[in-house]
**Student:** 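Mind looking over this structure? Questions follow.
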There are 2 protein chains.
Amino acid sequence: MSGLRFFHDPASVAIIGASSDPEKIGGRPIRYLAENGYAGAVYPVNPQRTEIQGLEAYPSLDALPTVPEVAIVAVSGANAVAQVVRCAELGVKGCVIMASGFGETGDEQGLAWQREMLDAAARTGMRIVGPNSQGLATFSTGAVLSFSTLFTEQQPEDGAVAVVSQSGALCSVPYGLLREAGIGVRYAHATGNDIDVTAAEFAAEVVADPEVRLLLLYLEDISDLDSLAEVARTALARGVPVVALKGGRSEAGQKAAASHTGALATEEGVVDAFLAKHGIWRARSTRDLVAAAELYLRPRTPQGERLAIVSNSGAICVLAADAAAEEGLALAELTDTTRAALEAALPAFASVENPIDVTAALLTDSSLFGKVLPVLGDDGGVDACVVGIPVAGRGYDVDRFADDVARFEATSGLPVVMAVPQSAIARVFRDRGIVVFADESEAVRALAQYLRHHALMAAARSRALAPRAADRRLAEARTALNESEGLEFLARIGVPAVEHVLVRSPAEARAAIDRLGGGRVVIKGCSSEATHKSELGLVRVGVQAEDAEQVVAEMIATLAREGLADEGVIVARLVKGVHEAMLGARFDPVFGPVVLLGAGGIHVEALPDVQLLLPPFSEQDALDAIGRLRLSAVLAGVRGAPPVDLGAWATAAVALGEAMLDPDLAVHELDVNPLMLLPLGGDVQPAVRAVDAVVVRSR
Amino acid sequence: MSGLRFFHDPASVAIIGASSDPEKIGGRPIRYLAENGYAGAVYPVNPQRTEIQGLEAYPSLDALPTVPEVAIVAVSGANAVAQVVRCAELGVKGCVIMASGFGETGDEQGLAWQREMLDAAARTGMRIVGPNSQGLATFSTGAVLSFSTLFTEQQPEDGAVAVVSQSGALCSVPYGLLREAGIGVRYAHATGNDIDVTAAEFAAEVVADPEVRLLLLYLEDISDLDSLAEVARTALARGVPVVALKGGRSEAGQKAAASHTGALATEEGVVDAFLAKHGIWRARSTRDLVAAAELYLRPRTPQGERLAIVSNSGAICVLAADAAAEEGLALAELTDTTRAALEAALPAFASVENPIDVTAALLTDSSLFGKVLPVLGDDGGVDACVVGIPVAGRGYDVDRFADDVARFEATSGLPVVMAVPQSAIARVFRDRGIVVFADESEAVRALAQYLRHHALMAAARSRALAPRAADRRLAEARTALNESEGLEFLARIGVPAVEHVLVRSPAEARAAIDRLGGGRVVIKGCSSEATHKSELGLVRVGVQAEDAEQVVAEMIATLAREGLADEGVIVARLVKGVHEAMLGARFDPVFGPVVLLGAGGIHVEALPDVQLLLPPFSEQDALDAIGRLRLSAVLAGVRGAPPVDLGAWATAAVALGEAMLDPDLAVHELDVNPLMLLPLGGDVQPAVRAVDAVVVRSR
């Protein structure tokens, strides 16, 4: 733990605006510090009192016996500003500003106050949390500098989970849900407006705590990328899963953009790509944020995603298999040895296929789970188990089932989740430390998150997750290349582009075709000012040599008629792909370079089928992204079409990613649509060809 | 209540295989009948006892003082069969056979026993429930003819919900979850193998009970369609929602089929279409089955789907809006009057847009919900409310919030759901009768189900939901039409097909083109034996008049070379659609006629984008289905493409549906791919054209 240690274990805390009422904002931290065993000095500051909640109170900061290491500011408006300025002057290390009415209101006064506090802090190196912060809570030291109602409602207990949130509510909700489930929480920080210390910065600090084994984040925006990259590096090195929730998925602040990539590489899409790249799981609701917590806290790492399902109800077997299919998890194929062993263990009429229905015979033969589960553990092809017990109670030896499941989990080392709708029965299993959900779909969904997240982490571990360098593309103006320049640029950066010749007069057309080796060609008017070439009649596909002169002449005439700069006429080889793909990139002011790949054609915006990648990424990353496209269902060859060269597409994507990382190339936006996908192992190598290019550079 | 009344309120019940142990299968019904106030006579039958659980026991059926109205058969194997036969002979009205080891094992003995029991019952009109049945429970009369463990674990209470399930577990699970939530259950039936009375038949019976206001079904297969249609008719007439869960979504028993429609109109897809048509909601998990139960039981019908979201946390506002977008629910646009009233009610810094963040000011101003909610109720554009309280507890006037929400719900008549993660706080709202979920995504999902289901029911109410007629297509052999016959058939049934001339020799080609009005044409070799015409070179698109003779000659030669019956050569007008769609139909042995519409082209199976409809259906039904296609994003015209005539497509689909209902037309399978979609209001009317046709008829 480094730069923010004093917030977690301060030698002394002053509460400015301290209250005798332990339910008031200025009163709760005093009560919480006392209740949670904080060992440092606590200084209530309140000019109206000499004693507060049993502690000596002081009229002002200046009257304190020592300079406090941390100050909580629970007064508001101009007074808060004055107190923060004085803290800085006195050498306080950090302030937690609980007052609201600052930048979050959007009004000028609030913003000016924030600037004033920041300036004062900067002069002496003091750090500020908030304003509008619910506060910080560290239960290992008792440093509860927070007024969260939840610490009253749910008894704190130190544990292995850290919660860091910009929102107070979204700090309290996971804290409460975890505590209701009996899970200990070490940190519960709600940072507020983040004018200085960000939630991500705290996340980077707490994830380095050797006792922390799970980090839950709620972020209102993803902006402090360097801290998040640090969170990811530390978490991956330590094997700590990080789950992040960010609202606003549905209303991406998507600006009008010149290119498809601009329209398709939305802010929320880039957030998804950023988190995935860094091995951080994106939760989709508050429940998602905590649903898999118990699984994450087990001391093991899952090795695969193949499920075995066991239940005393055939119906639950089927429903759990449906849920697995919905989550994209495969069922394990059992070996013959396993099947023979199951046949010996199960009643004669039971099936020995996965899912495994131990049948209602469980009521009379309580040993069934104890017999079946070890067989599955020995199979070698089972990575995780789902055990569903929809019905139990009087007549069932639930204690024995619980012992059998717990023993299996301990000896096999495999993740096990249970689906038990009866709360009284569920409790028996929970008491043995088993992870239990109320229904099969929840159980499978949480298990899928856990298994997938570990796979995401494994992939992320191989990546360089460095902070971003400054980039001159942020502020500068743009300039569009014409198509000929664009195709040449692509070829230069390693994206195979269609061969073409730029001609200036009809007379050059035949020679150009000869240079391309003859055959039918594509002829296009070339102008950096032309945006909808097809609609203007500036594209002719499949022109024969004898017509080429005439077509070039028409193109020149059309450019003149439309008042577009005549930058020549492109004569290009005719390339017909097996499929049309798309490859693009843009420079995002927050996230930096973003590469997009997807299905191409004219409907890319109306029927998007795209994946985003943040460079640098590997060819395998690109192949994985291609595999997630709907289009991928046809790429291996269907209905007589040959398989296409996915490796060539991935290589081109990697090359584009590298180019996007080079600030000297200054690519602002780039669109290739279509990128023709050609047969694997065919005559044309590399087997992709960009046949159009829109390139916008910074200048 | 009609044909199965005696199962619900029998004058007397015999238990064959009665046990003194109230936990045994033969003992539990005796205990449950006593505990649940059953007023009729109970006759334990057991040759070894004279008294069982305080009742006089009888050695045999023949020894009973009267013939029992209903007999529970809790003995197994051949003895069960003998008892059932004797019941029939004595004039017992109905048997509930709990023993397993019959048809569900798949072995010959079990099947033979089932036939024997059925035959005996048929001779005297006795009805059989089971075998392998957990039994029937009717809590209004105390007629609990069931051994479900759950009636011990969760105290029964009569109520407005009926649960009917083929599976014992999937009867017990919803019963238990409902009872845990304090909801009364009147019927909890688990029918088993359904050799005579089906689960659907019971469903039709109980949904007619005037006290029943919600029916939950678990079906292992959807086969008794006539009973299900009756369930739907009664339920829709009474306004009772029906929610059905059926497993096996992921592994559709999808047989190899000659047509795309065969491959795409999978069993599970048809089940979806059948349930939707009948206004039955299909749940996707056990939790889904009961999640919206409390909403359904409210005495009101929702009028629309526009949500208002209110919370004391901005983060929850955003997350709930995300959840609404995920479920496809729109947020209400507030009127200026509403916004002005909100501005007066809320703190100055709060926004007056929907979602409405009442802010943390709720802690100090407990009146905020009471002020804000009535304003939303008066808006006129709000159909339902989601209220999220992620944090409350000491310092918050939760009782007042609960009063305000309950009063709003009562006076506005709008559905309200709450998201309250703290269980102690949730209880305060539940105690006021408010519907509460643990998180915003669950709350919105349940609300979406409730609102959507009522819309589905409203649409279904206008439909004729008749039982199916017998159809000679079930058993007969098939015969394939050639393409020319297929196109003519389409035209005859009202599906516009491309104009074509069938020629027999090259010499007829020019005259054929003249008859079609000249221009480029499509030429295809015609043979009912040809299935992959393109691959065989039997399709040539865009042939010019001067080449036609030659092409026809080639086609004839190709047919001969491939050994295919030469049924002529098609010369057809060249029709280029704005988009390629697909239209198909098949006759399903269980569901009868099924119509499919979707995106066309060569990748319909690899990248399916289809919707199924069960005829008869309306043009509006077809338009709604088209609107659910991904393809619909481009049909209104994008990127310079004109809008296409969706009405013409819908009309063609309706015509195909009508044809499928006509057993004399005897269509077994039919595929149109592509169906060319032409510009709305263009020269070609009707603005769709089938350019290919595969028609397989029964003969």
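Below, chains carry the letters A, B, ... as their sequence lines are ordered, and counting in each starts from 1.
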**Student:** In terms of heavy-atom proximity below 4.5 Å to chain B, should A/Thr286 be classed as side chain, backbone, both, or neither?
**Tutor:**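 Answer is both: backbone and side chain atoms of A/Thr286 are under 4.5 Å from chain B.
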**Student:** Quick one: of A/Ser313, A/Ala324, A/Gly393, A/Ser165, who has the most non-hydrogen atom pairs under 4.5 Å with chain B?
**Tutor:**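 The answer is A/Gly393.
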**Student:** A/Arg28 versus chain B, heavy atoms under 4.5 Å apart: side chain, backbone, both or neither?
**Tutor:**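 Just the side chain, heavy atoms under 4.5 Å.
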**Student:** Need one label for B/Glu153: side chain, backbone, both or neither, based on atoms under 4.5 Å from any heavy atom in chain A.
**Tutor:**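 Interface part for B/Glu153: side chain.
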**Student:** Could you tell me which non-hydrogen atom of B/Ala320 sits nearest to which non-hydrogen atom of B/Val444, and how far apart they are?
**Tutor:**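 Looking at all heavy atoms of both residues, the closest pair is O-CG2, 4.1 Å.
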**Student:** Would you please name every residue forming a ring-ring contact (aromatic ring centres under 6.0 Å, His included) with B/Phe102, sequence neighbours left out?
**Tutor:**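 B/Phe102 satisfies ring-ring contact (aromatic ring centres under 6.0 Å, His included) with B/Trp113 only.
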**Student:** With only heavy atoms counted, which part of B/Ser311 is less than 4.5 Å from chain A, the side chain, the backbone, both or neither?
**Tutor:**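 For B/Ser311, there is no contact with chain A at all, as no heavy atom is under 4.5 Å.
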**Student:** Taking every heavy-atom pair that is under 4.5 Å apart, which of A/Gly395, A/Ser534, A/Ala424, A/Ser423 has the most such pairs with chain B?
**Tutor:**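 The candidate making the most pairs under 4.5 Å is A/Ser423.
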**Student:** Under 4.5 Å from any heavy atom of chain B, what part of A/Glu180 do you find: side chain, backbone, both or neither?
**Tutor:**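 For A/Glu180, the contact with chain B is made by the side chain alone.
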**Student:** Run the ring pair (Phe, Tyr, Trp, His ring centres under 6.0 Å) check on B/Tyr32 and B/Phe147 step by step: do they pass?
**Tutor:** CA-CA 8 Å; B/Tyr32 288 155; B/Phe147 65 92; 9.3 Å; no
**Student:** Counting only non-hydrogen atoms closer than 4.5 Å, does B/Ala392 touch chain A with its backbone (N, CA, C, O), its side chain (CB onward), both, or neither?
**Tutor:**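 Contact with chain A is through the backbone of B/Ala392 alone.
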**Student:** Please determine, among A/Asp107, A/Thr149, A/Asp288, the option with the most heavy-atom pairs under 4.5 Å with chain B.
**Tutor:**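 If we count pairs closer than 4.5 Å to chain B, A/Thr149 comes out on top.
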**Student:** Examine whether an atom of B/Glu442 lies under 4.5 Å from a heavy atom of chain A, and if so say whether it belongs to the side chain, the backbone or both; otherwise answer neither.
**Tutor:**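 Side chain only.
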**Student:** When you look at B/Arg445 and B/Glu440, which way does the salt bridge (Lys or Arg N to Asp or Glu O under 4.0 Å) test go after all the steps?
**Tutor:** CA-CA 8 Å; B/Arg445 184 176 160 90; B/Glu440 72 291 341; over 6 Å; no
**Student:** Any idea which of B/Pro421, B/Ser100, B/Ser167, B/Ser441 has the most non-hydrogen atom pairs under 4.5 angstrom with chain A?
**Tutor:**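 Option with the top pair count is B/Pro421.
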**Student:** Would you check if the side chain of B/Glu104 reaches a backbone N or O of B/Gly101 as a donor-acceptor pair within less than 3.5 Å?
**Tutor:**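 Yes: the side chain of B/Glu104 pairs with the backbone of B/Gly101.
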**Student:** Test of understanding: with side chain to side chain contact (heavy atoms under 4.5 Å, CB included), list the residues that count as partners of A/Asn312, not counting sequence neighbours.
**Tutor:**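 Applying side chain to side chain contact (heavy atoms under 4.5 Å, CB included) to A/Asn312 gives A/Val358, A/Leu362, A/Ile389, A/Pro390, A/Tyr396.
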**Student:** Side chain, backbone, both or neither: which part of A/Leu363 has a heavy atom under 4.5 Å from chain B?
**Tutor:**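 Nothing of A/Leu363, per the 4.5 Å heavy-atom cut-off to chain B.
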**Student:** Give the C-alpha distance, both sets of side-chain angles, the deciding distance and a yes or no for side-chain hydrogen bond (donor to acceptor under 3.5 Å, both in side chains) between B/Ser148 and B/Ser172.
**Tutor:** CA-CA 7 Å; B/Ser148 172; B/Ser172 295; 2.9 Å; yes
**Student:** Considering non-hydrogen atoms only, spot the tightest contact between A/Gln166 and A/Thr191 and give its length.
**Tutor:**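 Closest pair (atom of A/Gln166, atom of A/Thr191, distance): CA-OG1, 3.6 Å.
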